[in-house]
Each structure stands twice: as C-alpha cells, then as structure tokens.
Amino acid sequence: MRKRWTFETSAHAACARGPLRALEEAVALLAPFKHRPKKRPGLDSSELLSMDPETLARASVEGLAEYLNSLLNRAHLAPRSKEIKANLKRLRSKLLDICGELASLDDWSRLHLQSSSEPPFDLELLPPVAGLGRGGFAEGAAQIASRIDSVLLTLPADRGGRQNHDEHFLGTAKTRFVREAFDLFDSYHPRSASSTEGAPFHTFIHRVYEYATGEHDEDRAALSHKIRSLITALHQYQMADERFWAIEMKISGLAIDDPECAKLRGRQREFSKQKQALGSIFVPALGRVEKRQPRKKNRG
C-alpha cells in the first residue's frame with residue numbers, strides 16, 4: 001500500500017542542506033536589522049521586537065529555508081489530479097457497495113445484528129428489522145458518496161506536465177518561496193526589492209535557496225525568471241494589503257455605529273478586490289475558479 005500523502009513534512013526533509021556561508025550572506029543582506037512587523041488589530045509584536053535584531057533575522061532566514069525545503073518535498077511527493085480522482089472514485093464505489101449490502105440484508109441478519117450486545121453499539125447505525133430502511137451507517141455512506149460526486153465535478157483535469165495537485169491549488173513551490181522571501185525582505189527593507197540581477201533582493205533569494213538546498217548554481221536554481229515575473233505583483237499586493245489593514249486598524253478604534261465605519265469598509269473592499277485579483281498571479285487556479293463562477297443576471 002502506498003504511503004498516505006500528508007501536508008506535513010518531516011524535520012529531516014525540511015532541514016537545510018547548504019553551506020553556513022550562504023546563510024550568513026543571506027542574513028547580512030537584512031542589515032541593519034530594523035525589522036518592521038505587520039500591524040494587525042490585537043497583534044502584540046513587542047516580544048518579537050525584544051529579541052536581538054540579528055538573532056531574529058537569522059531565525060527568520062533559517063525558517064524560510066525550512067519552508068522552501070518543505071515546499072519542494074511536497075511538490076516532489078504530492079499526488080496528481082488523476083490520482084486524487086481515482087482515489088475518490090474507488091472510495092465512492094465501495095461506499096455504494098456498503099449501502100447496497102446493508103439495504104439488502106434479510107430480517108434474520110438484521111435481527112441478529114440488532115440483538116447482539118457486544119461490542120456496545122449505536123443501534124441506529126444498523127438497518128432496522130422488518131423495514132426497508134438501511135440504517136444510519138449506510139445513510140452516512142450514501143451522503144459521503146454524494147459529496148464525492150460533487151467534489152469530482154470541481155477537480156481540475158490532469159493536463160500532464162510536472163505540476164501536481166498541491167501546486168495546482170496553492171501555486172508552485174518556487175512561487176510560494178519567492179513570495180515568502182519577498183515578505184521577509186520587505187519587512188527589513190520596505191519597497192526596495194528588485195528583480196535586477198545582483199541587487200540585494202535577487203541575491204538574498206539565491207543565498208537562501210543555496211542554504212536550503214545546497215544548490216549554488218543560479219542557472220540550475222532557475223529563480224531569476226520567477227522573480228522578474230512576480231516582482232511587480234508582489235509590490236502591488238503588499239501595498240494593497242498594507243492599506244487594507246491600515247483601514248482595519250482605524251475601524252478597530254471606532255464605535256460600531258460610527259458612520260465613518262461604512263465609508264472605511266467600502267474603501268477596504270476595493271483593496272480586498274485588488275488582493276484577490278493579484279492572488280491569481282501567484283496561484284493561477286484562483287483565476288480559473290473566478291472565471292467559472294456564474295455571472296449574475298441584471299434584473300430590470
């Protein structure tokens with residue numbers, strides 16, 4: 001039996017495999033270590049800021065490297081869409097077989113099942129005696145089978161290539177890594193990240209990648225094109241996100257019935273739409289889901 005795939009990654013698989021020199025170079029690019037945590041209502045960042053600044057930067061880079069290895073491990077082992085569909089179809093078939101077997105039980109079989117005292121059991125799960133019902137267990141199995149039918153209609157077609165189910169829904173491992181690296185770098189050097197080769201952000205990403213994977217050849221890492229394709233959207237998303245939460249901070253300080261709240265919520269929705277639109281750049285499946293949504297007909 002194939003080992004069950006999970007979202008979790010073992011500590012061994014996530015562990016950095018590259019040279020400490022790459023780690024030190026990546027950390028140095030965050031100097032002078034003036035970390036600017038994100039502002040959120042109710043979020044207390046005082047403990048974070050009380051840490052030694054360079055120690056915090058080092059821990060953040062180490063965490064980013066482990067995150068990258070976790071993503072790469074998931075991408076390597078994750079099932080394809082056709083495997084997901086096959087698993088669900090196989091389960092549906094077995095569930096429907098169970099429903100049929102329980103529904104067709106004769107009354108003596110039903111009576112024996114109902115009369116047994118061991119082990120303790122919820123009798124409502126069993127098919128009733130002298131009745132046409134199939135019992136709670138079969139009803140539950142039928143509901144799961146019906147849900148599987150609905151899920152199968154939403155799953156994407158397997159188009160071949162290298163992309164697996166995990167990356168289809170959440171974005172590729174490198175896209176998610178670049179996005180996380182941008183957030184970290186931007187928290188130390190706001191609005192300065194650039195895709196220019198040799199620029200601090202470009203170098204930072206490659207040094208973290210080298211520390212995580214042990215791969216020092218930038219051509220083989222194949223990150224430069226990814227950075228160039230995402231950098232504009234990353235800045236735009238960061239700006240929309242900052243403005244969204246800045247409004248939320250204002251609202252948190254107002255009374256619920258303050259008329260200003262409605263105006264602020266309206267502006268906030270605009271930034272939320274911007275974030276949603278930009279999200280499809282990082283996760284293309286989101287854009288495809290948006291296109292599949294039925295359009296509301298105008299009435300009038």
Side-chain angles (χ1 to χ4, degrees), residues 9 11 13-40 43 45-75 170-243 245 278 281-282:
T9 302
C15 186
R17 297 183 289 275
L20 287 176
R21 181 259 315 152
L23 170 63
E24 299 298 344
E25 290 178 7
V27 172
L29 287 165
L30 299 181
F33 309 117
K34 293 181 179 179
H35 180 58
R36 298 165 180 81
K38 294 182 178 181
K39 295 180 180 180
R40 301 286 187 270
L43 181 63
S45 57
S46 58
E47 184 176 351
L48 197 65
L49 293 175
S50 68
M51 291 180 62
D52 173 69
E54 188 169 352
T55 300
L56 174 61
R58 186 185 185 91
S60 299
V61 172
E62 289 174 337
L64 180 60
E66 291 180 0
Y67 174 71
L68 168 60
N69 280 340
S70 176
L71 293 177
L72 292 173
N73 182 71
R74 283 174 54 166
L170 301 178
T172 67
K174 288 182 179 179
T175 294
R176 288 145 73 187
F177 164 61
V178 169
R179 193 177 184 185
E180 197 72 16
F182 176 89
D183 281 347
L184 176 57
F185 189 86
D186 192 75
S187 70
Y188 284 90
H189 304 297
R191 299 181 178 83
S192 68
S194 166
S195 62
T196 305
E197 291 193 23
F201 177 60
H202 183 275
T203 304
F204 174 74
I205 281 187
H206 282 88
R207 293 294 79 77
V208 176
Y209 191 91
E210 180 183 1
Y211 172 63
T213 66
E215 179 57 69
H216 67 278
D217 188 325
E218 293 191 4
D219 290 333
R220 293 185 63 181
L223 289 168
S224 294
H225 174 72
K226 179 65 67 177
I227 298 169
R228 286 194 298 272
S229 67
L230 296 176
I231 193 67
T232 299
L234 286 168
H235 279 292
Q236 291 174 343
Y237 186 95
Q238 184 79 343
M239 187 169 295
D241 188 60
E242 286 178 359
R243 290 175 177 175
W245 285 106
L278 290 164
I281 296 175
F282 310 122

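Residue numbers run from 1 in the order of the sequence given.
With contacts defined as side-chain heavy-atom distances shorter than 4.5 Å, the pair His216/Tyr209 does not qualify. Counting heavy atoms from C-beta outward, Leu20 and Tyr211 have side chains that approach closer than 4.5 Å.
Annotation: salt bridge (charged side-chain N to carboxylate O under 4.0 Å, His left out) contacts of Glu24 (sequence neighbours excluded): Arg58. When the side chain to side chain donor-acceptor pair (under 3.5 Å) test is applied to Ser46, the partners found at least two apart in sequence or on another chain are Asp44. Shown here are the side chain to side chain contact (heavy atoms under 4.5 Å, CB included) partners of Glu25, two or more places apart in sequence or in another chain: Arg21, Arg207. Every residue two or more places apart in sequence or in another chain that forms a ring-ring contact (aromatic ring centres under 6.0 Å, His included) with His35 is listed here: Tyr188. Taking the side chain to side chain donor-acceptor pair (under 3.5 Å) definition, one finds that Arg191 meets it with Glu242, sequence neighbours left out. Partners of Arg179 under the salt bridge (charged side-chain N to carboxylate O under 4.0 Å, His left out) rule, at least two apart in sequence or in another chain, do not exist in this structure. The side chain to side chain donor-acceptor pair (under 3.5 Å) test applied to Asp217 returns no partner, not counting sequence neighbours. Residues passing the salt bridge (charged side-chain N to carboxylate O under 4.0 Å, His left out) test with Glu180, sequence neighbours excluded: none. Arg40 meets the salt bridge (charged side-chain N to carboxylate O under 4.0 Å, His left out) test with Asp241; sequence neighbours excluded. Thr9 meets the side chain to side chain donor-acceptor pair (under 3.5 Å) test with Ser70; sequence neighbours excluded.
Between Leu223 atom CG and Thr175 atom OG1 the span is 10.0 Å, to the nearest 0.5 Å. Atom OG of Ser60 and atom CG of Asp183 lie 11.5 Å apart (nearest 0.5 Å). Annotation: the span from Phe182 atom CZ to Leu230 atom CG amounts to 10.5 Å, rounded to 0.5 Å. Taking CG from Leu68 and CG from Leu72, the interatomic distance works out to 4.5 Å, rounded to the nearest 0.5 Å. Between the CZ atom of Arg36 and the OG atom of Ser45 there is a distance of 13.0 Å, given to the nearest 0.5 Å.
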Apply side chain to side chain donor-acceptor pair (under 3.5 Å) to the pair Lys38 and Ser187, showing each step before the final yes or no. CA-CA 8 Å; Lys38 294 182 178 181; Ser187 70; over 6 Å; no

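The backbone N or O of Gly171 lies less than 3.5 Å from a partner atom in the side chain of Arg176, making a donor-acceptor pair.
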Identify each donor-acceptor pair in which a side-chain atom of residues 232-240 lies under 3.5 Å from a protein atom, sequence neighbours left out, and give them as a table.
from: His235; atom 1: NE2; to: Ala193; atom 2: O; distance (Å): 2.8
from: Gln238; atom 1: NE2; to: Asp186; atom 2: OD2; distance (Å): 2.9

For residues 198-206, run the donor-acceptor check on the side chains, cut-off 3.5 Å, and write out each pair with its distance to 0.1 Å, sequence neighbours left out.
from: His202; atom 1: NE2; to: Ser224; atom 2: OG; distance (Å): 2.9
from: Thr203; atom 1: OG1; to: Ala199; atom 2: O; distance (Å): 3.1
from: His206; atom 1: ND1; to: His202; atom 2: O; distance (Å): 2.9

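The shortest non-hydrogen separation linking Leu30 to Ala57 is CD1-CB, 4.0 Å.
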